[in-house]
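Input: a single structure, listed below in structure tokens.
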Amino acid sequence: MRRTRLFLSTLKETPSEAQIVSHRLMLRAGLVRQSASGIYTWLPTGLRVLQKIAQIVREEQDRAGAQEVLMPTIQSAELWRGSGRYDDYGKEMLRITDRHDRELLYGPTAEEVITDIVASEISSYRDLPKNLYNIQWKFRDEVRPRFGVMRGREFLMKDNYSFDLDKAGAVHSYNKMFLAYLRTYARMGLKAVPMAADTGPIGGDLSHEFIILAETGESAVFCDEALLALDTPGDDIDYESDLQGLVDQWTAHYAATDEKHDPETCDVPAERLVTARGIEVGHIFYFGTKYSAPLGATVQGADGQQITLEMGSYGIGVSRLVGAIIEASHDDNGIIWPESVAPWTVGVINLKVGDADCDATCEKIYADLQAAGVEVLYDDRGERAGGKFADMDLVGIPWQLMVGPRGLKDGKIEVKQRAGGEKSEIALNVLGDWIAARATS
RNA sequence: CGGGACGUAGCGCAGUCUGGUAGCGCAUCACACUGGGGGUGUGGGGGUCGCAGGUUCGAAUCCUGCCGUCCCGACCA
């Protein structure tokens, strides 16, 4: 993408409503603009990041055997009356009336919709298990939206739902998601801590929150340092094998948020107890027949009897992750994206627009990077001497190539890595290798 | 939902107390000079001062109501 064509406006000063660092940087780097309280427009750069995060989530869901669907944002009140939640959910649910006075709602979650679909479409035990997910906008009318996209009212969530014949099957489905979540966060450069959790209004008796560590996180987190040293499952993980041992490795260690942490009863030795701050970015539940029973989600078993399905649900706050990653990875100059979610991998900076050598070299590098499939932002604006560098840093481009007359005289350009800020020179005649390395990584 | 604050150009702010028809920095536009880390100079453009009433010869400024936004607490992907 050429900078001159990109819709991007960065801010030198911080809008006064933004209090936390991720919100400030998202506004300053031109990722989002607020439309109403807790509701945001995603601008091109921010949308690229959001979509990259969604894609990682999608790949790990698919790998773990879940299938993608897309459910509506607007749901019928009738469906929610069926589960008894229409009256229970409270003011967080945005209720809508259409022209025929039918009651609708903007979905805060989708247990009812998916259970209704499964109830009507699946009738044999032979069609189970199933795990369906979607990545869809949700709306929860929070009393007090804040922290930008970290606690918006409208947010993008990956939510999925597993359907099994019995509890053992449901726990296996739960374990798949548990491990898939660890992989998902790790791919975004995040350290995630799974933590036993209350099940809240969704109900059930097995639940974990996934908290990622960030200095500016909302809540304090206490855990055994052994937990942080565990290896994330590799991409060769066999999700059909017995996963319980693997999951137990993670759940065996102590982990608690400040509400639950009690120094009196915590049995972790002081020297191993890690105190950090964290942000909740995922939550998984096993809740049995809480929805399948009232909504009639049953199948016929081998013996001819009807079996009520055992269910679980699993959520990842996709839009929240954008803010969470920034909280976990930034410096005074701006965002430091992990390469896996960066809006562009490489930035090309033309230090002297109008200089024939600089222009031609930049155009060639830009074309070569594109041909190699490397996502590149080419700063071809040529305005102030400093502003363009600053934008690359603010927006968090992982690799920055600086092309100027001084270096070209010696056949060199400068390479800067955003994380750490190391600079080095690279000769033009070996730049092809450098590009090839970016293409394969 | 309880407590607090704010709303003046895209962003950050001054002006409000003490009423006289709007200003500063950044951004933006033009030109020139520049170019190796938030350029320099000169000259421009942009605001029914959140909205609606009221008081007054005159309201950004005083009064009333409404709307919006943020912060602290109780609640959450």
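Quick note on labels: first sequence line is chain A, next is B, and so on, each numbered from 1. Note that the structure is a prediction, hence the values are computed from the model and not measured.
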By ring-ring contact (aromatic ring centres under 6.0 Å, His included), which residues pair with A:W80, not counting sequence neighbours?
A:Y89
Applying salt bridge (charged side-chain N to carboxylate O under 4.0 Å, His left out), which residue pairs with at least one partner in residues 209-218 of chain A are found, sequence neighbours left out?
A:R151-A:E218
Considering only the C1' atoms, how many Å lie between B:A14 and B:U56, rounded to the nearest integer?
26 Å
Can you tell me the pairing partner of B:U28 across any strand shown, Watson-Crick or G-U wobble, with both distances under 3.5 angstrom?
B:G44
Mind running a 4.0 Å heavy-atom check of residues 402-424 of chain A against RNA chain B and sending the residues that fall below it, in number order?
A:M402, A:G404, A:P405, A:R406, A:G407, A:E414, A:K416, A:K423
Is there a residue in residues 55-73 of chain A whose heavy atoms reach under 4.0 Å of RNA chain B, and which residues are they?
none
Would you list the pairs meeting salt bridge (charged side-chain N to carboxylate O under 4.0 Å, His left out) in which at least one residue belongs to residues 3-25 of chain A, sequence neighbours left out?
A:R3-A:D391
Verify stack between A:F389 ring and B:G38 base, 5.5 Å, 30 degrees
no
G-U wobble or Watson-Crick pairing nucleotide for B:A74 (cut-off 3.5 Å, both distances)
none
Tell me the interatomic distance from A:R144, atom CZ, to B:A5, atom C1', rounded to whole angstroms.
12 Å
So, OP1 or OP2 of B:A27: does either fall under 4.0 Å of a side-chain N or O from A:K12?
yes
Does B:C1 have OP1 or OP2 sitting under 4.0 Å from an N or O in the side chain of A:K91?
yes
With both distances kept under 3.5 Å, what pairs with B:G58, Watson-Crick or G-U wobble?
none
Under the side-chain hydrogen bond (donor to acceptor under 3.5 Å, both in side chains) test, residues paired with A:K158 that sit two or more places apart:
A:N160, A:Y181
What residues, two or more places apart in sequence or in another chain, satisfy side chain to side chain contact (heavy atoms under 4.5 Å, CB included) together with A:D433?
A:V430
Report the nucleotide, chosen from B:C76, B:G36, B:G38, that has the shortest atom-to-atom distance to any side-chain atom of A:D391.
B:G38
Watson-Crick or G-U wobble partner for B:A5, using a 3.5 Å limit on both distances?
B:U69
As a test of reading the structure: which of B:C11, B:G37, B:A77 is closest to the side chain of A:D393, going by heavy atoms?
B:G37
Nucleotides 65-69 of chain B: which of its N/O atoms have a protein N/O under 3.5 Å away?
| unit_1 | atom_1 | unit_2 | atom_2 | d |
| --- | --- | --- | --- | --- |
| B:U69 | OP1 | A:S37 | N | 2.7 |
| B:U69 | O3' | A:Q34 | NE2 | 3.2 |

Using the C1' atom as the point on both nucleotides, what is the distance between B:C26 and B:G19, in whole Å?
31 Å
Can you establish whether the number of heavy atoms outside A:Q67 located under 6.0 Å from its atom CD is more than 12?
no
Would you please name every residue forming a salt bridge (charged side-chain N to carboxylate O under 4.0 Å, His left out) with A:R277, sequence neighbours left out?
none
When both distances are under 3.5 Å in a Watson-Crick or G-U wobble arrangement, the nucleotide paired with B:G23 is B:C13
Minimum-distance nucleotide (side-chain atoms of A:K352 versus B:G25, B:G35, B:A77):
B:G35
Distance check: side-chain N/O of A:S16 vs OP1/OP2 of B:C13, anything under 4.0 Å?
yes
Tell whether A:R151 reaches the base of B:C76 with its side chain through a donor-acceptor pair below 3.5 angstrom.
yes
C1' atom, B:G7 versus B:G43: distance in rounded Å?
33 Å
Listing, residues 406-417 of chain A side-chain donor-acceptor contacts under 3.5 Å, not counting sequence neighbours, or none:
| unit_1 | atom_1 | unit_2 | atom_2 | d |
| --- | --- | --- | --- | --- |
| A:K416 | NZ | A:D393 | OD1 | 3.0 |
| A:K416 | NZ | A:D393 | OD2 | 2.8 |

For atom P, what is the distance between B:G50 and B:G10, given to the nearest Å?
13 Å
Going by the rule side-chain hydrogen bond (donor to acceptor under 3.5 Å, both in side chains), which residues pair with A:Y239 if we only count those two or more places apart in sequence or in a different chain?
none
Just compare B:C70, B:G37, B:A74 and give me whichever is closest to any side-chain atom of A:V143.
B:A74
Please give, in whole Å, the distance from B:C76 C1' to A:F147 CZ?
12 Å
Mind checking the C1' distance from B:A27 to B:C13? Whole angstroms is fine.
14 Å
Under the salt bridge (charged side-chain N to carboxylate O under 4.0 Å, His left out) rule, what pairs show up with a residue in residues 347-360 of chain A, not counting sequence neighbours?
none
Taking the P atom of each, how far is B:A5 from B:A77, in whole Å?
32 Å
What is the distance from CZ of A:R33 to P of B:G10, rounded to the nearest Å?
13 Å
